[in-house]
**Student:** 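Take this structure, written in structure tokens, and hold onto it; I'll ask about it next.
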Amino acid sequence: MVLATHPLSPSKTPTAITTISEFPHNPKTLILHQCKTTKDLNQIHAHLIKTRLLHHPAVAENLLESAAILLPDAMDYALSIFRQIDRPDSSAYNVMIRGLIHKKLNHNAILLFKNMCENSVQLDEFTFPSVLKACSRLGALREGEQIHAQIMKYFGFNSDGFVQNTLIHMYASCGELEIARNVFDEMPRRDVMTWNSILAGYAKNGRWDEVVRLFREMQELGVEFDEVTLISVSTACGRVADLELGEWIDEYVDANGLKGNLALITSLIDMYGKCGQVDTARRLFDQMDRRDVVAWSALISGYSQVNRCREALDLFKKMQEANVEPNEVTMVSVLYSCAALGALETGKWVRFYIKKKKMKLTVILGTALIDFYAKCGSIEGSIEVFDKMPSRNVFSWTALIQGLASNGQGKKALEYFKLMQEKNIDPNDVTFIGILSACSHAGLVDEGRKLFISMSNDYGIEPRIEHYGCMVDILGRAGLIQEAYEFIKNMPIQPNAVVWRTLLASCKAHKNVRIGEESLKNVIRLEPAHSGDCILLSNLYASVGRHDDALRVRNQMKEKGTNKTAPGCSLIELDGEIYEFFAEDNRHPHSKEVYNATEDMMRKIKSAGYVPNVTDARLDAEEEDKEASVSHHSEKLAIAFGLIRTSPGTTIRVSKNLRVCTDCHNATKLISKVFKREIVLRDRNRFHHFKQGSCSCNDYW
DNA sequence: TCACGTCGAC
């Protein structure tokens with residue numbers, strides 16, 4: 001019999017004439033290796049029918065394997081062949097189940113297994129690992145348990161190693177770590193796969209510490225490991241910041257010539273990134289001979305996690321130049337970077353790209369978008385995304401609630417909190433940070449008190465230091481300084497510097513000198529003093545007319561050489577380009593243009609009644625330079641640059657690394673009025689939406 | 001036939 005001359009390669013050029021005179025010894029080679037397209041498959045199938053060879057189970061099985069597993073798009077074809085088989089045996093079923101799993105049709109794989117049982121087909125040791133894999137992927141514990149029962153029926157306790165390994169993985173994937181561990185402990189012989197299965201199980205459940213611990217145990221016992229082991233372990237090293245073990249793996253990989261393993265190198269890149277060594281990660285990345293989307297994403301994420309977001313975005317550009325298609329995961333890190341930078345235009349472009357590429361709006365991607373819009377001061381964007389998401393979880397709700405709170409829409413944040421409860425989504429500790437900060441922004445003192453109590457009473461969530469901090473802010477902001485002070489004194493956990501600093505800020509706003517003094521003492525006791533804290537007290541003295549004390553604090557700071565707070569830095573994005581300004585920085589490429597624009601801007605608002613407030617000037621500035629010093633604060637430079645580089649009426653968006661100072665706040669209010677611009681200024685803590693001479697924060701921040 | 005790398009709210 002001749003298989004005629006027909007195209008056996010994708011080039012459609014006849015490449016081989018294959019002669020089959022009898023039942024082939026090697027149907028696998030014949031069918032699998034020569035069948036490269038669906039068309040090949042068709043022709044071979046036809047021949048097998050004609051020659052009745054299809055009735056040989058081994059032949060049918062191999063044809064099915066071609067269709068179901070090797071060819072990318074022939075699952076339906078495989079199913080039609082399978083349905084034509086009179087009484088498919090276990091091999092045929094096994095191939096089909098594997099094929100479905102291969103195509104990520106896990107649910108169908110389990111259904112086919114059910115069908116196999118109903119038709120009383122003999123199960124074998126090849127059936128179980130496959131179908132258990134489907135259960136693992138779906139987290140289908142009940143089905144997994146039933147299959148476990150079947151296994152007991154078929155094999156008793158002495159089932160095959162493959163089967164046991166997949167049982168471990170199934171239980172672990174379904175969150176049943178103890179059962180997984182029991183199976184592991186009771187296995188008489190464990191191979192590398194066994195260890196890898198349990199390691200992967202711990203990893204999947206976030207038990208990274210256990211992954212590292214178990215690997216050390218493996219080494220003590222002298223158990224062999226392989227590249228897959230190292231992937232799990234190096235990933236775990238990143239999560240628990242075990243740089244030492246991570247570096248050991250890196251050296252091992254180098255010494256054993258494993259640099260070609262893409263997944264392994266990617267896990268090392270991830271590990272270095274998470275340990276804060278992104279430059280080392282970069283070196284590994286640069287040495288790779290092939291980089292896929294995961295490798296790129298891992299490095300982009302590394303940069304964003306150490307707050308080098310501009311470099312993260314640069315890398316994203318390079319990724320596109322390298323023609324590597326980003327996926328949902330890449331976009332999450334990119335959006336995170338845009339959010340951190342306040343790069344609204346770039347992020348909007350990312351969203352457009354997501355739509356264009358028809359990427360799935362997964363819960364994580366949606367949440368990243370909500371957070372991005374909120375952090376760019378565009379809360380309408382957050383709500384729009386939230387409404388469009390096909391499914392949401394506690395992260396998505398919390399991101400929205402937090403976004404509403406920081407954008408000054410406290411009441412709306414509480415409405416969403418109510419809605420969330422109606423939808424039976426349980427809030428967690430972070431959600432409560434969001435709603436408590438909403439209460440403080442909206443001045444809802446009683447509501448805040450109630451929620452704080454309800455948190456532990458109704459939800460069983462123990463308040464953390466952040467929750468106490470929120471309560472101090474709620475009380476202090478409302479002028480209840482004494483109550484806030486007593487609240488701190490009665491806290492069951494030690495207050496930290498942040499809590500006392502919050503009270504100090506309230507004392508300044510409400511002119512409470514006595515508690516203000518004590519608050520600063522406590523801040524200094526808990527943390528090396530920062531100039532910003534001392535300036536708060538100095539300004540508090542000045543505000544009640546105690547100028548001598550104000551001066552004394554400033555002089556003390558000079559004498560002691562108090563640590564300066566990080567230099568002020570503001571970012572503005574124009575046409576997708578991010579410009580960065582530092583206070584009194586002359587080295588900027590647009591320096592002259594910027595300083596001229598700033599002076600012009602200041603002149604214009606002065607004639608509208610602006611009076612410089614130099615209390616926040618640099619301490620080392622000479623008296624006559626103080627005005628110049630505050631007028632060159634980074635946010636003023638960025639706003640001035642925005643004014644000359646955008647068309648009239650455009651909203652100006654600036655984000656700053658520190659809290660905005662009194663003088664800049666006053667000036668910006670006037671700028672919004674004089675230049676008829678909306679200005680959205682994001683500072684370290686919250687948003688200021690300036691419009692027609694006033695600010696959304698009502699001058700308290 | 002089983003195990004493996006990138007991502008979200010303080």
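First the proteins, then the strands, lettered A, B, ... as listed; each starts at 1.
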**Student:** Figure out the CD/C1' separation between A:Q402 and B:dG8, and round it to whole Å.
**Tutor:**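 Between C1' of B:dG8 and CD of A:Q402: 14 Å.
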**Student:** Rounded to whole Å, how long is the line connecting atom CD1 of A:I401 with atom C1' of B:dA9?
**Tutor:**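 My rounded result for the distance is 10 Å.
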**Student:** Give the C-alpha distance, both sets of side-chain angles, the deciding distance and a yes or no for salt bridge (Lys or Arg N to Asp or Glu O under 4.0 Å) between A:R213 and A:E210.
**Tutor:** CA-CA 5 Å; A:R213 210 191 56 70; A:E210 198 63 23; 2.8 Å; yes
**Student:** Whole-Å distance between B:dA9 C1' and A:I435 CD1?
**Tutor:**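 The answer, rounded to whole Å, is 13 Å.
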**Student:** Identify, with sequence neighbours excluded, every residue that meets side-chain contact (heavy atoms from CB on, under 4.5 Å) alongside A:F395.
**Tutor:**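 A:T367, A:N393.
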**Student:** Which residues pass the ring pair (Phe, Tyr, Trp, His ring centres under 6.0 Å) test with A:F316, sequence neighbours left out?
**Tutor:**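 Expected list: none.
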**Student:** Who are the ring pair (Phe, Tyr, Trp, His ring centres under 6.0 Å) partners of A:F82, not counting sequence neighbours?
**Tutor:**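 Per chain and number, A:F82 pairs via ring pair (Phe, Tyr, Trp, His ring centres under 6.0 Å) with A:Y93.
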**Student:** Could you check whether A:Q164 gets within reach of a base, just the sugar-phosphate, or nothing at all, counting any heavy atom under 4.0 Å?
**Tutor:**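 Contact class for A:Q164: none.
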**Student:** Under 4.0 Å, counting only non-hydrogen atoms across every strand here, what does A:F128 touch: a base, just sugar-phosphate, or nothing?
**Tutor:**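 The residue A:F128 makes no contact with any strand.
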**Student:** Which is true for A:N94 with a 4.0 Å heavy-atom rule: it touches a base, it touches only sugar-phosphate, or it touches nothing?
**Tutor:**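 A:N94: no heavy atom of the nucleic acid under 4.0 Å.
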**Student:** Rounded off to whole Å, could you give me the CG-to-P distance for the A:L369 and B:dA9 pair?
**Tutor:**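 Roughly 12 Å, once rounded to whole Å.
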**Student:** In whole angstrom, what separates A:W397's CH2 from B:dC10's P?
**Tutor:**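 That distance rounds to 18 Å.
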**Student:** Mind checking side-chain hydrogen bond (donor to acceptor under 3.5 Å, both in side chains) for A:R659 and listing every partner two or more places apart, or none if nothing turns up?
**Tutor:**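 By the side-chain hydrogen bond (donor to acceptor under 3.5 Å, both in side chains) rule, A:R659 matches no residue at all.
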**Student:** Could you give the CG-to-P distance, from A:D429 to B:dA9, as a whole number of Å?
**Tutor:**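 Taking atom P of B:dA9 as the reference, CG of A:D429 is at 13 Å.
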**Student:** Compare side-chain N and O positions of A:K375 against OP1 and OP2 of B:dC10 and report whether any pair is under 4.0 Å apart.
**Tutor:**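 It does, given that an N or O in the side chain of A:K375 lies less than 4.0 Å from OP1 or OP2 of B:dC10.
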**Student:** Atom CE of A:M389 and atom P of B:dA9: how far apart are they, to the nearest Å?
**Tutor:**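 Roughly 13 Å, once rounded to whole Å.
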**Student:** In B/S/- notation, 5' to 3', how is nucleotides 2-7 of chain B contacted by protein heavy atoms closer than 4.0 Å?
**Tutor:** BBBBBB
**Student:** Would you say the base of B:dG8 stacks on A:F395 (centre-to-centre below 5.5 Å, plane angle below 30°)?
**Tutor:**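 Taking the rule of under 5.5 Å and under 30°, the ring of A:F395 does stack on B:dG8.
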**Student:** For A:F432, enumerate each residue passing the ring pair (Phe, Tyr, Trp, His ring centres under 6.0 Å) test, keeping only those at least two apart in sequence or located in another chain.
**Tutor:**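 So A:F432 forms a ring pair (Phe, Tyr, Trp, His ring centres under 6.0 Å) with A:F417, A:Y459.
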**Student:** Grab the CD1-P distance between A:I465 and B:dC10 for me, whole Å please.
**Tutor:**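 Rounded to whole Å, this separation is 18 Å.
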**Student:** Is there a donor-acceptor contact under 3.5 Å linking the side chains of A:Q402 and A:S406?
**Tutor:**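 No, A:S406 and A:Q402 have no side-chain donor paired with an acceptor closer than 3.5 Å.
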